[in-house]
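Written out below as structure tokens is the structure these notes cover.
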Number of protein chains: 2
Amino acid sequence: MKNFDTVSLSFDTNNHDHGRCIHTAMKVADKLCLSRSVRLTPARRRVLELIWESHHPVGAYDVLSRLSQESGKTAPPTVYRALEFLMEQGLIHRIESLNAYVGCAHPAEEHAGLFLICTDCGCAAEVHDEAIDQAIVTKAATLGFRPEQRTLEVRGTCPDCRPNT
Amino acid sequence: MKNFDTVSLSFDTNNHDHGRCIHTAMKVADKLCLSRSVRLTPARRRVLELIWESHHPVGAYDVLSRLSQESGKTAPPTVYRALEFLMEQGLIHRIESLNAYVGCAHPAEEHAGLFLICTDCGCAAEVHDEAIDQAIVTKAATLGFRPEQRTLEVRGTCPDCRPNT
DNA sequence: CTGTAAATGTTATAACATAACAATGGCGAG
DNA sequence: CTCGCCATTGTTATGTTATAACATTTACAG
């Protein structure tokens with residue numbers, strides 16, 4: 001069994017202990033917010049939990065309908081404010097190509113991940129790779145471009161979705 | 001003066017002959033569609049021209065309002081159908097992080113660009129880099145992921161927008 | 001010509017996101 | 001303690017982006 005202390009995963013989607021995964025993510029979030037003196041209020045915390053319920057990116061309106069079920073009528077700004085807060089704190093990422101949100105695997109650290117998104121099962125894995133970072137920085141420098149924020153998303157097929165080959 | 005036969009550019013935005021840039025892009029599009037036996041109809045052609053009017057990504061509803069001015073009432077599907085066609089033919093790219101569309105600099109060739117998007121002037125440059133491609137392919141392979149479609153967008157500041165330093 | 005498939009027109013609505021202002025609640029200064 | 005302030009949440013309305021579904025027109029092969 002792999003070590004999930006860092007909530008890392010890259011396609012163990014089918015057979016990892018996701019309860020533990022959520023639990024760890026929430027503990028990390030609590031600690032991080034405490035250390036930054038920002039408030040992970042019940043609403044924000046609940047949104048984060050809902051996003052962590054799977055490794056599939058979740059749409060804002062999916063979160064909204066879950067909240068509405070649980071807590072009665074809820075309006076879009078409630079969700080978008082929570083998402084905004086969680087993004088600012090680096091606790092979630094937005095997947096631009098899906099208009100959806102996914103829990104961040106390494107919220108405490110530097111922040112420039114690449115997302116591998118399976119078009120079959122829908123799961124998304126956040127990976128970090130020095131060679132990719134370096135290649136982008138180098139290319140940008142060559143052109144005199146100063147990079148600031150990245151959106152790196154690759155759609156394709158994850159190993160769980162093609163067991164053969 | 002650089003050679004714009006390929007409609008390539010990387011931040012010459014302020015001082016290149018953009019008329020020529022559009023002209024070339026349209027000629028390439030015509031040839032490409034002819035060779036593929038697909039129809040670059042007037043509507044599709046006009047949408048492509050509008051997108052090529054600058055190197056700034058253009059929103060679908062911007063295109064729509066231009067068309068409405070020119071040709072009277074136009075509905076969204078008209079624009080989205082043209083965009084869909086142009087994407088299929090590789091003549092434009094969608095910038096996911098902006099919900100906007102930009103002309104493709106190399107429509108005839110293989111298709112996995114990186115977009116450098118200036119958050120100051122709004123221009124977007126499509127670049128290709130073997131090292132980046134390779135790093136992504138390698139990383140994906142390591143994880144057993146089969147990449148298919150990429151969204152690589154880096155926001156930052158282009159050289160024209162910080163003349164000093 | 002004319003049948004057929006591609007393209008376009010038209011109407012309506014879905015999906016995603018934010019503006020603007022009101023009400024509430026946590027919490028430090030006095 | 002309590003007052004006042006600012007962060008947070010509630011509420012209503014609307015803005016922005018995109019597609020479904022069906023009608024009509026057009027290109028063009030036979």
Whole-Å distance separating the CZ atom of Arg44(A) from the P atom of dG10(D): 11 Å

side-chain hydrogen bond (donor to acceptor under 3.5 Å, both in side chains) evaluation trace for Ser65(B) with Gln69(B): CA-CA 6 Å; Ser65(B) 69; Gln69(B) 283 168 26; 4.7 Å; no

Side-chain donor or acceptor of Arg44(A) paired with backbone N/O of Arg39(A) under 3.5 Å: yes

Atom pair distance, as rounded to whole Å: NZ in Lys73(A) and C1' in dT11(D): 7 Å

Side chains of Thr151(B) and Arg155(A), donor plus acceptor under 3.5 Å: yes

Presence of salt bridge, Glu84(A) and Arg81(A), under 4.0 angstrom: no

Residues His18(A) and His23(A): side-chain donor-acceptor under 3.5 angstrom: no

Shortest non-hydrogen contact from Thr157(B) toward Cys118(B): CA-SG, 4.1 Å

Arg39(A) CZ - dG28(C) C1' separation (whole Å): 13 Å

Phosphate contact (dT9(D) OP1 or OP2) by Thr41(A) side-chain N/O below 4.0 Å: yes

Nearest-Å distance for atom pair CG/P, residues Leu64(A) and dA14(C): 16 Å

Leu86(B) CG - dA7(C) P separation (whole Å): 12 Å

Rounded distance (Å) that lies between atom P of dA7(C) and atom CZ of Phe85(B): 7 Å

d(CZ, Arg46(B); P, dT8(C)) in whole Å: 15 Å

Just the atom pairs and distances: protein N or O near nucleotides 15-23 of chain C's N or O, under 3.5 Å.
{"residue": "dA17(C)", "atom": "OP1", "partner": "Arg94(A)", "partner atom": "NH1", "Å": "2.6"}
{"residue": "dA17(C)", "atom": "OP1", "partner": "Arg94(A)", "partner atom": "NH2", "Å": "2.6"}
{"residue": "dA17(C)", "atom": "OP2", "partner": "Tyr80(A)", "partner atom": "OH", "Å": "3.1"}
{"residue": "dA17(C)", "atom": "O5'", "partner": "Tyr80(A)", "partner atom": "OH", "Å": "3.4"}
{"residue": "dA17(C)", "atom": "N7", "partner": "Tyr61(A)", "partner atom": "OH", "Å": "2.6"}
{"residue": "dA17(C)", "atom": "N6", "partner": "Tyr61(A)", "partner atom": "OH", "Å": "3.4"}
{"residue": "dA20(C)", "atom": "N6", "partner": "Arg81(A)", "partner atom": "NH2", "Å": "3.3"}

